[in-house]
**Student:** 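Okay, handing you the structure first.
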Amino acid sequence: MIPPAFEYHAPGTVAETIGLLSQYNGEAKILAGGHSLLPLMKLRLAEPRALIDIQRIPNLAYVKEEGEFLKVGPVTRVNDLLGSPATAAYPILRDAAREIADPVVRNLGTVGGNLCHGDPGNDLPACWIALGGEMTVTGAKGSRTVPAASFYQDTFVTAVGPSEMLTEARVPKARPGQGSSYFKIEKRVGDFAIAGVATSLVLDGKGRIASAGLGLTGVGPTALAAGDAAQSLVGQSPDAAHVSHAAKLAAEAAKPSSDLRGPAEYKRAVVEALARRGIERAVARARGGK
Amino acid sequence: MSVSPPHVDGGMGQRVQRKEDARFIRGKGTYIDDVKLPGMLYLDIVRSPYAHAKITAIHTDKALKVPGVLAVITGKDLDAHKLAWMPTLMSDRQMVLPVDTVMYQAQEVAAVLAETRYAAADGVAAVEVDYEPLPVVVDPFKALEPGAPVLRPDRKEQSNHIWHWETGDKAGTDALLRSSAVVVAQDLYIPRIHVSSIETCGCIANWDGVNGKLTVWMTTQAPHAIRTVYALVLAGAGIPVPEANIRIISPDIGGGFGGKVPVYPGYVIATAASVLTNHPVKWIEDRSENIQADSFARDYHIHAEVGATKDGKVTALRVKTLADHGYTDAAANPSKFPAGLFHIITGSYPFAKAFVEVDAAYTNKPPGGIAYRCSFRVTEAAFTIERMIDRLATQLHIDPAEFRLKNFIPPEAFPYQSALGWTYDSGNYGGALRKAMELIDYPALRAEQAEKRKQGELMGIGISSFTEIVGAGPAHTFDILGIKMFDSAEVRVHPTGAVLARFGTKSQGQGHETTYAQILAEELGIPVGQIKVEEGDTDTAPYGLGTYASRSTPTAGAAAAMAARRIREKAQKIAAHLLEVSPADVEWKDYAFRVKGVPSKSKTMAEVAFAAYTNPPPNSEAGLEATYYYDPPNMTYPFGSYICVVDLDKETGQVHIRRFVAVDDCGTVINPMIVEGQVHGGLTMGLAPALLEEIQYDAQGNIRGGSFLDYLLPTAVETPHWETARTVTPSPHHPLGAKGIGESATVGAPAAIANAVVDALAPYGVTHIDIPIHPWKVWAAIHAGKAAKGG
């Protein structure tokens, strides 16, 4: 890797990090796992004046259920979503973690990086959308909470300002009767997704869908919420007709573009297939299956 | 009493662990970028963002102000030394640096020389070039249309047509096809791909002005040929250096696959920079440069027609091909074969008549046409014939396995003269296919498929029964720049019975240090651990044409055996002297010289070697060494049969390879473990273009797939479990019966996979699908099939 010269800081606190970010006024980048940033720097597509390495800040890596949430620290390695007992009730996160690149990347890549990079091919944003999660963003004036559904503004553009950082990502604590899943297909492991579908739903005592969320990966400028699809399921029994209808609506919510991974109409068809499989899997899990 | 069979440690047929792996897996290899010399400078290259443009100005002032930057070298600078252009192996010419026009995106435009690698890269970023874009020609068919912009006005022929080549009996083929009961025709495109070896290319040029000696460490598969090219080019540039003062060192190489045969502009610029500065100059390309600018492979647009009788016997084959060569023909074929050995395209079948023609065109793409893990266009040929055989079988409603078994050239027909003039040395094609069918239980698979089809599930079975042609080659037909394609071995037996052997070939990971040592162990009766193999330094190794086209075992491996036999001739006299008998009374048996009729009276090669230096027979020369330059009498023809089973996901178009059985026949096997390793790697490299790899260009000539972000190599996840097996049909003309195995799997695998996918899609009326078979192509084929059926 032959990037241009850059400065390097390894602050010990969030406050110090915010201070440095403000000082560089948008010309610094936060370094966590580095697995998206460093390739961009290698290609000189990103030439930050400084890297601010947040890996030495204490207490930014954790996965824990606390209060009404599953809380994840921004420097948590992707692999910890697979290994932590705290994610047992959130199979969607383990599905997704297993789909993120390869073990080497997962050992270093972070949840915060995956959520904040803003690439529509990242897997965790759609999961956060499906789960109705939220992000804590911290800046000079303190912290604020942004729902995942409004966190993604455009490709590589999120609600995190130039002098802010993600300090926690949360999803509502799993409820009884909740099931979730993540399905993705790609041409090859580690390639950008052809399409991915994140699903979370809760079955009520009568076996009807009480609430649902669907998120889409790789089929738009950002991760997308398939709100109509999710809404169409609420109050329904998860029979084949309702599931197929929701899958069709998910495909309609996709905004794919044609590229090396296939024409737009193909990707839309894939979203429909994956949404159907994803909802079926989530329902099966809600009923206690694997 | 049991008698153990005669044995030499590490002889032929043993699964000897690779001698070279100790340093490779412990990180102790010496690759090009590991070489560091005192006072070394670094070169980095400015590349064109345009596929075709006039260079109106190169502004170097900002770059020269970057700390550590020493110089910016342009085409005009090189032109002053007559080095702006260099010849290609195919009698074309290639720019080292452009004087006024760039011909493809990522082409070298200028070079920055600096004190550090980082300064060189910063210097590159600071060079400003003014371009005037010119019309871009991407499609080779459009390149040949009247009125197309002439890309190479420097040529006498003001046309984008490079050459036409044909072979075979045109009239006879036309007539036989006309009278054939069944003829199928198919367009096939073999896409442009890149070898993507794990190590990119590079060099360190070190001109010693005091002694007039040039040393170049270079990632090259053919160091000796490079040395001769250097001597010729330097003389042409007015810098005459005796060839004895040019030393090319090819250190450990991290994969070549044909991509390290050509001379790249970076080598020449680094050499010129070293001559101008009297400093060692290192140039190492990065991954993107490697993919975007180095020689490509394949890129053949093929139209094939094959005929058969009503009862399913093949008759004639006619092939018309357009080769996209980029802006210059920088292929690395033997001189007489502009389309390589593409005319092996009759494959394993006794076509009575065949005719092949190839036209080559210029486009605004990188040059090349290299033999990517394939003996010069053999992959293109094998894919075509194996696809067409399936087309014919489908047309005739005959099972593709049965169709092949019915048509194969029979074992008793060898040596077999093909319709296009090759003399196949040996083969048993039916034996290999039947073995593969047995291993995979072919009838059970067909029954399962029938059942699955009833349920609407898509399962496919694909066969590829390829024939290769490797081991270039016989001096009467094969040369590169006039140099005959022999190869060499120089073997020295030291007084203590250890052996130093040097070769004109150059391993890039194939395991020569082990394979050659095993040949010598077998022939000399010396344990493999006592035998050291060296290659790649032109100051020490005997002259040879290098390693590519599966030629090392057929040529240098044969030379090893022949040199060892020369040593044995001399050793026999010494043994006779030691045994106090006449040489005629001594025979070489069970790895020792023994008195005929009294086998217990014997001398080992080590004892003889010691005597060669301490107690040679009177009136004889001391020492025990021999050199052999082996001119193969014929090519070798490895073959095999592969069967692939796929399951398709109808909704997503994903192809899942359930099983893949590969039966290879490379004649005598020297190290079964290395052979299996070569097959495993080759199959993975055959899977890659079948399902994943392709370099595409948009209408402006922008590369799509210019980094590993978009150019997708298979990982362990995509790679199925390979089931390998072999039959052994020795080559009758090779001293060991060996044929070469490095490339069979790359050549044979793509058709098996493509045939399996097409077979799976047969219910939709699909008869062909171009590789790489991306999921969206499968999905589109299903939808087109559904539409044709009316939903």
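Owing to the predicted nature of the structure, the values given are computational and were not obtained by experimental measurement. Residue numbering restarts at 1 for every chain, and letters A, B, ... go by the order of the sequence lines.
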**Student:** Determine whether more than 12 heavy atoms belonging to other residues, nucleotides or ligands lie under 6.0 Å from atom CD of A:Q231.
**Tutor:** no
**Student:** Of the non-hydrogen atoms in A:P4 and B:D122, which two are nearest, and what is the gap between them?
**Tutor:** CA-OD1, 3.8 Å
**Student:** So for atom NZ, which belongs to B:K777, do other residues, nucleotides or ligands contribute more than 12 heavy atoms lying within a distance under 6.0 Å?
**Tutor:** yes
**Student:** Side chain, backbone, both or neither: which part of B:D286 has a heavy atom under 4.5 Å from chain A?
**Tutor:** neither
**Student:** So which part of B:T715 gets closer than 4.5 Å to some heavy atom of chain A, the side chain, the backbone, both or neither?
**Tutor:** both
**Student:** More than 12 heavy atoms of other residues, nucleotides or ligands under 6.0 Å from NZ of A:K29: yes or no?
**Tutor:** no
**Student:** Supply the atom-to-atom distance B:T116 OG1 to A:I2 CD1, rounded to the nearest 0.5 angstrom.
**Tutor:** 9.0 Å
**Student:** For chain B, find which of A:L43, A:D191, A:V270, A:D102 contributes the most heavy-atom pairs closer than 4.5 angstrom.
**Tutor:** A:D191
**Student:** Heavy-atom distance under 4.5 Å to chain B: side chain of A:P3, backbone, both or neither?
**Tutor:** both
**Student:** Taking side chain as everything from C-beta outward and backbone as N, CA, C, O, which of these in B:P714 sits under 4.5 Å from a heavy atom of chain A? Side chain, backbone, both or neither.
**Tutor:** backbone
**Student:** Treating B:E718 as the side-chain partner and A:V189 as the backbone partner, does any N or O pair qualify as donor plus acceptor under 3.5 Å?
**Tutor:** yes
**Student:** To the nearest 0.5 Å, what is the distance between OG (B:S707) and NZ (A:K42)?
**Tutor:** 7.0 Å
**Student:** Which atoms of B:L709 come close to chain A, meaning under 4.5 Å heavy atom to heavy atom: side chain ones, backbone ones, both, or neither?
**Tutor:** both
**Student:** Go through the steps to decide whether A:R277 and B:E651 satisfy the test side chain to side chain contact (heavy atoms under 4.5 Å, CB included), and finish with yes or no.
**Tutor:** CA-CA 11 Å; A:R277 294 174 195 182; B:E651 290 183 313; 2.8 Å; yes
**Student:** Write out, in numerical order, the residues from residues 249-265 of chain A with a heavy atom short of 4.5 Å from a heavy atom in chain B.
**Tutor:** A:D259, A:L260, A:R261, A:G262, A:P263, A:E265
**Student:** Counting N and O atoms only, with roles assigned by atom type, does the side chain of A:R188 sit under 3.5 Å from a partner on the main chain of B:L692, one being a donor and the other an acceptor?
**Tutor:** no
**Student:** With rounding to the nearest 0.5 Å, note down the distance linking NZ in A:K187 to CD in B:Q654.
**Tutor:** 12.5 Å
**Student:** Which bit of B:A120 comes within less than 4.5 Å of chain A, counting heavy atoms only: side chain, backbone, both or neither?
**Tutor:** neither
**Student:** Below 4.5 Å from any heavy atom of chain A, which atoms of B:E694 appear? Answer side chain, backbone, both or neither.
**Tutor:** neither
**Student:** Keeping A:Y266 on the side-chain end and B:T652 on the backbone end, is there a donor-acceptor pair under 3.5 Å?
**Tutor:** yes
